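A short write-up of the structure that comes next.
Everything numeric here is computed off the predicted structure, so don't read it as measured data.
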Amino acid sequence: MRLVKLTLFYLVIIILAMMLSLAGVRLSISLAIFSLIVLAIIYRHIHILFRTNNMQSVDKLVKDRKKEPFFAYLYAVAYETKEDQLQSLDVVIKKYKQPAVKYNYVFIKAIMEENLEEAKDAADKINKEPLASYAKCYIAALEGRTADMRSAKLTQPWMQPAIEAIYAYTIKNEDAFQQYQKESINLARGVQKYALTHSFKAMQKKM
């Protein structure tokens, strides 16, 4: 499907170039027009990934690109079983070599498998903030260490409410869980909002 879309996109560009050429438009102007089109497409993609509140747009992107490891994991979170999610995480972990990314997903997998020792080991190997602090605060919330589950290093607005939601889930405080998970989702954007929405939805079913 992506190949078909790319083929159609380049075909449209070629046709547009021919039309501009026949109309006597200078090459420099044609290049400027094409550059603006490409920039608009790139901006839209980045906006959906990181800034949008429109979860339908994110869902469409995830479905369109679900054969890619990162999006396959998001698709599994939204639509598939825990076993499918773990399998998709294995693929992501194998795919990405950067320590911060790799061990972040190792951490997520360990949390899903309720293996806190492996989760702690992965958290220690995440060499980038705020991911490292988020992982450590997450573990502290699971263990009920309230003094350690809050950090000024959680610089993404959605992070601290998410940790508070995890703690509320751990102690089975449904009212607090509802409050903090909604706050976290409202503060998140793009694929992060998408992942939180579906993750918290699955947790809600277990309360």
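- From Lys182, atom NZ reaches atom OG1 of Thr197 across 12.5 Å, with rounding to the nearest 0.5 Å.
- Salt bridge Lys63/Asp59: present, at least one basic N to carboxylate O contact under 4.0 Å.
- A pairwise comparison of heavy atoms in Ser133 and Leu154 identifies C-CD2, 3.7 Å as the closest pair.
- Between the side chain of Arg145 and the main chain of Leu142, no donor-acceptor pair closer than 3.5 Å is present.
- The cluster map of Ile, Leu, Val, Met, Phe, Trp and Tyr, joined by side-chain heavy atoms under 4.5 Å apart, puts Val91 and Phe70 in different clusters.
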Problem set entry | Steps toward side-chain hydrogen bond (donor to acceptor under 3.5 Å, both in side chains) verdict (Gln178, Gln204) | CA-CA 8 Å; Gln178 290 291 348; Gln204 176 65 47; 2.4 Å; yes
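- At a threshold of 4.0 Å, the pair Arg150-Glu164 counts as salt-bridged, since one of the basic side-chain nitrogens sits closer than that to a carboxylate oxygen.
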Problem set entry | Intermediate values then yes/no, ring-ring contact (aromatic ring centres under 6.0 Å, His included), Tyr134 and Trp158 | CA-CA 11 Å; Tyr134 181 76; Trp158 61 268; 5.2 Å; yes
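- In this structure, the separation between CG on Leu89 and CG on Asn104 is 10.0 Å, given to the nearest 0.5 Å.
- Grouping the Ile, Leu, Val, Met, Phe, Trp and Tyr side chains by contacts below 4.5 angstrom, directly or via other members, places Ile46 with Val58.
- By the 4.5 Å heavy-atom criterion applied to side chains, Ile166 and Met203 are counted as neighbours.
- No more than 12 heavy atoms of other residues, nucleotides or ligands shown are found within 6.0 angstrom of NZ on Lys94.
- Closest non-hydrogen pair, Ala188 versus Asn53, comes out as O-OD1, 3.7 Å.
- Interatomic distance, NE2 of His47 versus CG of Leu49, reported as 10.5 Å (0.5 Å rounding).
- Under the 4.5 Å side-chain contact rule for hydrophobic residues, Val77 and Met55 share a cluster.
- Counting heavy atoms from C-beta outward, Thr155 and Met159 have side chains that stay 4.5 Å or more apart.
- When all heavy atoms of Pro130 and Lys153 are compared, the closest pair comes out as CB-O, 3.1 Å.
- Atom NZ of Lys109 and atom OG of Ser88 lie 10.0 Å apart (nearest 0.5 Å).
- Looking only at distances, a side-chain donor or acceptor of Lys102 sits under 3.5 Å from a matching main-chain atom of Ile93.
- Hydrophobic clustering places Tyr105 together with Leu86 (ILVMFWY residues linked when any side-chain heavy atoms are closer than 4.5 Å, directly or through intermediates).
- In Arg44, the CZ atom is not crowded: 12 or fewer heavy atoms of neighbouring residues, nucleotides or ligands sit closer than 6.0 Å.
- Judged purely by distance below 3.5 Å, without hydrogens or angles, the side chains of Tyr180 and Asn173 never pair a donor atom with an acceptor atom.
- By the 4.5 Å heavy-atom criterion applied to side chains, Asp124 and Lys136 are counted as neighbours.
- Put simply, the side chain of Met149 does not reach to within 4.5 Å of the side chain of Ile139, judged on heavy atoms.
- A cation-pi arrangement, defined by a distance under 6.0 Å to the six-membered ring centre and an angle within 45 degrees of its axis, is present between Lys66 and Tyr75.
- Residue-environment remark: NZ (Lys172) exceeds the threshold of 12 foreign heavy atoms within 6.0 Å.
- The nearest pair of heavy atoms linking Ile126 to Ala132 is O-CB, 3.3 Å.
- Checked by atom type and distance alone, the side chain of Glu68 never pairs as donor or acceptor with a backbone atom of Ala72 at under 3.5 Å.
- Note on ring orientation: taking the six-membered ring where Trp is involved, the planes of Phe177 and Tyr169 are tilted (angle from 30° to 60°).
- Here the CD1 atom belonging to Ile185 is positioned 6.0 Å from the CG atom belonging to Leu196, to the nearest 0.5 angstrom.
- Closest of all the heavy-atom pairs between Ala119 and Ile111 is CB-CD1, 3.9 Å.
- Taking CZ of Arg65 as the reference point, atom CG of Leu74 lies at 11.0 Å (rounded to 0.5 Å).
- Val92 is not listed as a side-chain neighbour of Lys95, based on a closest heavy-atom distance of 4.5 Å or more.
- The nearest pair of heavy atoms linking Met112 to Lys82 is O-NZ, 2.9 Å.
- Tyr138 and Phe107 have perpendicular rings, their planes meeting at more than 60° on a 0 to 90° scale where under 30° would count as parallel.
- For Tyr43, the OH atom is loosely surrounded, since the number of other residues' heavy atoms within 6.0 Å does not exceed 12.
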